[in-house]
Amino acid sequence: MGDQPVHTGQKIELTITGYSHAGEGVGKYEGFTLFIPFAAAGERVLAQVEAVKKNHGRARLVKVIQPSPERSTPPCGVFGRCGGCQLQHVSYAEQLRMKERQVRDSFSRIGRMEVKISPVIGMENPWGYRNKAQVPFGMEGGKAVAGFYASGTHRVVDMDTCLIQHPLNDRVVRMVKQLARRLDTPIYDERTHRGILRHVMVRTGFHTGECMVVLVTNGEKLPRRQQWVEALRREIPQLKSIIQNVNRRRSSVVLGPENRLLWGREVIYDRIGDVMFAISAHSFFQINPVQTKVLYDRVAEYAGLTGGETVIDAYCGIGSIALYLARRAKRVYGVDVVGAAIRDAERNAALNRMNHVTFEEGTAEEVMPRWLREGIKPDVIVLDPPRKGCDPALLETAASMRPDRIVYVSCNPATLARDAKYLAELGYRVREVQPVDMFPHTGHVECCALLEPK
């Protein structure tokens, strides 16, 4: 690359000074920044350069010369090969500190503001927390394998246990893999677009114990379908739903648009706090139900509801936050651009007999001004956008409605800080931010921020 002090293939020694937003170790060699997965802050390491760009490079950890006191032995046998976790090599306390620094850095570097950021709320037991497994299939040595992709690839790393999955999810995935071998089901090959079984998705209700199995197939045909159904029913007492999802697309999107009910119900049920939710194959439902309640309790605290308020949830999805707040509010309105999510939200409102909650399909920046014209004046607006953050038009709309409080829930501290900066220009200041560790052993962190009028 010319002026850089390193080149591909070179082995170098350097000290790790911090972490990237993805949890990789970060260090400098003669002033040049390198990202090194599985290295911990404070360590002296030997690394081999793998890629060099204009302002930074990537390197592979060869040897830890001087380990960090926070270095931990990963309990998972495929850690480092599987792309699911990035942080099992450091203590859980260090993970929480790293995520807090990530949030602080985002607000100072991107938001250019000093705000009150509380320590990350972690889990008492940061294992077995995922209520949904989406596991691809592949072929290895002439037999079906199932596991998560190796980092940055579509190569399946075969595994029988994932330590961050609910134990029932693990058991079902193992069983589906054994059935695929026993019933000689053709495994999908994404290079040739041939074969049948692409993925298995398992959903487990943490509080209800109910289980859903979704077999994702390349086309309508599932050979020996009845044997699949009988075997799954026999082996999984908690099973309430078996669905075949048809996905003919040449893409990495897991689920196709068509679901076929093979047995049982189209939904399973689970709850957050005392609110019950019907969860379909396509429903977006928070992955970590234990920490979801922690997060939603903080949303409720920030919303400051006394029973007389009107709340708008601007990215309501299946209505999880809107319905969680509804028991403490006078009226709740939810809007989302995804029609299927709105139908789920309406079903969940009916399930919980919440007649004072209204959901509408559409973009929030178009629907909310109409609500205002119709006389709906929100006391609280909740924003819970995808990773890319909010559309500026939505932030302008929310600020123009002049609520007493804006509660912003974010899975990306960088876009949260960016949007908070814009809201500050629109007259709302960040009062405090509470990070919550929804995804232990990964680089992700969720945040809840309270904004009030200046």
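Rounding to the nearest 0.5 Å places OG of S410 at 7.0 Å from CD of E446. In this structure, the separation between NZ on K132 and OG1 on T204 is 12.0 Å, given to the nearest 0.5 Å.
Residue pairs meeting the ring pair (Phe, Tyr, Trp, His ring centres under 6.0 Å) criterion with at least one partner in residues 373-408, sequence neighbours excluded, are absent. For residues 310-332, the set of pairs meeting the salt bridge (charged side-chain N to carboxylate O under 4.0 Å, His left out) definition, not counting sequence neighbours, comprises D274-R327. Residue pairs that meet the ring pair (Phe, Tyr, Trp, His ring centres under 6.0 Å) test with at least one member in residues 236-280, sequence neighbours left out, are F277-F285.
Between H166 and Y129, the distance separating the two ring centers is not shorter than 6.0 angstrom.
Summarising the geometry of D437 relative to Q291, their closest heavy-atom pair is O-NE2, 3.1 Å, with the distance given to 0.1 Å. Of all heavy-atom pairs between H154 and S252, the closest is CE1-CB, 3.6 Å. Minimum interatomic distance between M159 and V78 (heavy atoms only, all atoms of both residues): CE-CG2, 4.0 Å. For C316 against G334, the heavy-atom pair with the smallest separation is SG-C, 3.7 Å. Across all their heavy atoms, F79 and C85 have their closest contact at CE1-O, 3.5 Å. Closest non-hydrogen pair, S118 versus E432, comes out as OG-OE2, 4.3 Å.
Contacts of A41 classified as side chain to side chain contact (heavy atoms under 4.5 Å, CB included), with partners at least two apart in sequence or in another chain: Y19, E94. By the side-chain hydrogen bond (donor to acceptor under 3.5 Å, both in side chains) test, H89 pairs with no residue at all, sequence neighbours left out. Taking the side-chain hydrogen bond (donor to acceptor under 3.5 Å, both in side chains) definition, one finds that S400 meets it with nothing, sequence neighbours left out. For E50, the side chain to side chain contact (heavy atoms under 4.5 Å, CB included) test picks out R60, with sequence neighbours left out. Under the ring pair (Phe, Tyr, Trp, His ring centres under 6.0 Å) criterion, H56 pairs with F35, sequence neighbours left out. K177 pairs by the side chain to side chain contact (heavy atoms under 4.5 Å, CB included) definition with F137, A146, D158, D160, R181, not counting sequence neighbours. F284 meets the side chain to side chain contact (heavy atoms under 4.5 Å, CB included) test with Q286; sequence neighbours excluded. Qualifying ring pair (Phe, Tyr, Trp, His ring centres under 6.0 Å) partners for Y302, counting only residues two or more places apart in sequence or in other chains: none.
Remark: the backbone N or O of Q86 is not paired with any side-chain donor or acceptor of Q88 at under 3.5 angstrom. Here the side chain of R249 pairs a donor or acceptor atom with the backbone of L255 at under 3.5 angstrom. A donor-acceptor pair is defined here as one N or O able to donate and one able to accept, closer than 3.5 Å; no such pair exists between the side chain of Y324 and the backbone of A300. Remark: side-chain polar atoms of D270 are paired, donor with acceptor, to backbone N or O of F206 under 3.5 angstrom. Although no hydrogens or angles enter the test, the distance criterion places no donor-acceptor pair under 3.5 Å between the side chain of Q244 and the main chain of R260. Judged by distance alone, the side chain of R198 and the main-chain N or O of N247 form a donor-acceptor pair under 3.5 Å. Put simply, the side chain of D170 gets close to the backbone of C162: a donor and an acceptor are under 3.5 Å apart. Side chain of T217 to main chain of V246: no donor-acceptor pair is present (N/O by atom type, distance under 3.5 Å, no hydrogens or angles). Although no hydrogens or angles enter the test, the distance criterion places no donor-acceptor pair under 3.5 Å between the side chain of K240 and the main chain of V267. A donor-acceptor pair is defined here as one N or O able to donate and one able to accept, closer than 3.5 Å; no such pair exists between the side chain of N352 and the backbone of M354.
Between W371 and Y333, the ring planes are tilted. Angles from 30° to 60° get that label.
Taking a cutoff of 4.0 Å between a charged side-chain nitrogen and a carboxylate oxygen, R370 and E366 do not qualify as a salt bridge. Using a cutoff of 4.0 Å between basic side-chain nitrogens and carboxylate oxygens, E220 and R248 are scored as salt-bridged. In summary, E301 and R298 engage in a salt bridge, as defined by a charged side-chain N under 4.0 Å from a carboxylate O. In this structure, D105 does not pair ionically with R101, as no charged nitrogen and carboxylate oxygen lie closer than 4.0 Å.
Between P119 and L96, every side-chain heavy-atom pair lies at or beyond the 4.5 Å cut-off. For the pair V202/Q165, no side-chain contact is recorded, criterion being any heavy-atom separation below 4.5 Å from C-beta on. Residues I287 and N131 meet the side-chain proximity criterion, which asks for heavy atoms closer than 4.5 Å. Counting only heavy atoms from C-beta outward, the side chains of I36 and L14 approach each other to under 4.5 Å. Taking 4.5 Å as the limit, some side-chain heavy atom of L87 sits within range of a side-chain heavy atom of K99. In this structure, the side chains of P136 and V254 stay at 4.5 Å or more apart for every pair of heavy atoms. T17 is not listed as a side-chain neighbour of K28, based on a closest heavy-atom distance of 4.5 Å or more. In this structure the side chain of M401 reaches within 4.5 angstrom of the side chain of I312, judged on heavy atoms.
Within 6.0 Å of CD on E114 lie no more than 12 heavy atoms contributed by other residues, nucleotides or ligands. With a 6.0 Å radius and a threshold of 12 heavy atoms from other residues, nucleotides or ligands, K116 has its NZ atom at or below the threshold. Around NE2 of H282, the count of heavy atoms belonging to other residues, nucleotides or ligands within 6.0 Å exceeds 12. The number of heavy-atom neighbours closer than 6.0 Å to CZ of R250, taken from other residues, nucleotides and ligands shown, is above 12.
For S280 and E266, the side-chain atoms include no donor-acceptor pair closer than 3.5 Å. A donor atom on one side chain and an acceptor atom on the other are found under 3.5 Å apart for E309 and T306. Side-chain atoms of Y296 and S320 include a donor-acceptor pair closer than 3.5 Å. Side-chain atoms of E365 and T397 form no donor-acceptor pair, as typed in the model, at a separation below 3.5 Å.
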Worked verdict on E70 versus S91 for side-chain hydrogen bond (donor to acceptor under 3.5 Å, both in side chains): CA-CA 5 Å; E70 300 299 335; S91 70; 2.6 Å; yes
Test log, rule side chain to side chain contact (heavy atoms under 4.5 Å, CB included), inputs N288 and F439: CA-CA 7 Å; N288 184 336; F439 310 103; 5.5 Å; no
CA sep, side-chain torsions, deciding dist, call: L450, R405, side chain to side chain contact (heavy atoms under 4.5 Å, CB included): CA-CA 7 Å; L450 171 60; R405 290 171 294 284; 3.9 Å; yes
Worked verdict on K421 versus I110 for side chain to side chain contact (heavy atoms under 4.5 Å, CB included): CA-CA 8 Å; K421 182 181 179 184; I110 300 168; over 6 Å; no
Pairs of donor and acceptor atoms involving the side chains of residues 380-395, under 3.5 Å and at least two apart or interchain, shall be tabulated with distances.
from	atom 1	to	atom 2	distance (Å)
R387	NH1	C411	O	2.8
D391	OD1	A393	N	2.8

